[in-house]
Structures are given as structure tokens and as C-alpha cells.
Amino acid sequence: MGKQKIKNQIRRLRFEASEMTQAELAEKAGVTRQTIIALEAQKYSPSLELAFRISKIFDVPLEEVFQYN
């Protein structure tokens, strides 16, 4: 079984949220801009707490932001 990654829709959701910048999302989520960059590039899987914070920022269900295949 190959390594599975958590996919996300953060980039799309940022643009749908009045073109929110990575820096703005990072500030609201309490992380660095580099963390948001790594998440969008799927090079980093968020903690459960961060995943919930991001879904709350966009006011969408967790499953709309993150998907695990």
C-alpha cells in the first residue's frame, strides 16, 4: 500500500473568500505563511486542531477542506 496523502481545497477556498492571502489565512489560523504554503502544496498534513481551525475560518465542514483517500 503506497503512502496516502491528505488532499485539501485551501487554495480554492481562499480565492472564494474574497481572495484571502496565504498570510491572512496564516494569521487567522495562528500559523506561519510557510505552513499554509506547505499545506497547499500537500507537503504537510495538518494537526487535527489546525484542520478544525481552518475549516472554521472558512465556515465549511472539515470534509470540504480536507479529503483523505
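As the structure is a computational prediction, the values presented were derived from the model and not from experiment.
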Engineer: For Glu27, I'd like to know if atom CD has over 12 heavy atoms of other residues, nucleotides or ligands within 6.0 Å.
Structural biologist: no
Engineer: Checking side chain to side chain contact (heavy atoms under 4.5 Å, CB included) for the pair Gln9/Glu64: CA distance, chi angles, key distance, verdict?
Structural biologist: CA-CA 7 Å; Gln9 302 298 315; Glu64 188 172 332; 5.8 Å; no
Engineer: Do Met20 and Phe58 come within less than 4.5 Å of each other through their side chains, counting heavy atoms only?
Structural biologist: yes
Engineer: Decide yes or no for Leu39 and Leu50: does some side-chain heavy atom of the first lie under 4.5 Å from some side-chain heavy atom of the second?
Structural biologist: yes
Engineer: At their closest point, which heavy atom of Ile10 faces which heavy atom of Asn8, and how far apart are they?
Structural biologist: N-OD1, 3.1 Å
Engineer: Any side-chain heavy atom of Arg33 within less than 4.5 Å of one from Thr21?
Structural biologist: no
Engineer: Which atom pair, heavy atoms only, marks the closest approach of Ile54 to Ala29?
Structural biologist: CG1-CB, 4.4 Å
Engineer: How close do Glu40 and Gln22 get, heavy atom to heavy atom, and via which atoms?
Structural biologist: OE1-NE2, 3.0 Å
Engineer: Assess whether atom CZ of Arg12 is packed by more than 12 heavy atoms of other residues, nucleotides or ligands within 6.0 Å.
Structural biologist: yes
Engineer: Show me the pairs that pass salt bridge (charged side-chain N to carboxylate O under 4.0 Å, His left out) and involve residues 41-57, at least two apart or across chains.
Structural biologist: Glu49-Arg53
Engineer: Phe66 and Phe15: same hydrophobic cluster, using ILVMFWY side-chain contacts below 4.5 Å?
Structural biologist: no
Engineer: Going hydrophobic residue to hydrophobic residue with side-chain gaps under 4.5 angstrom, can you get from Ile37 over to Leu13?
Structural biologist: no
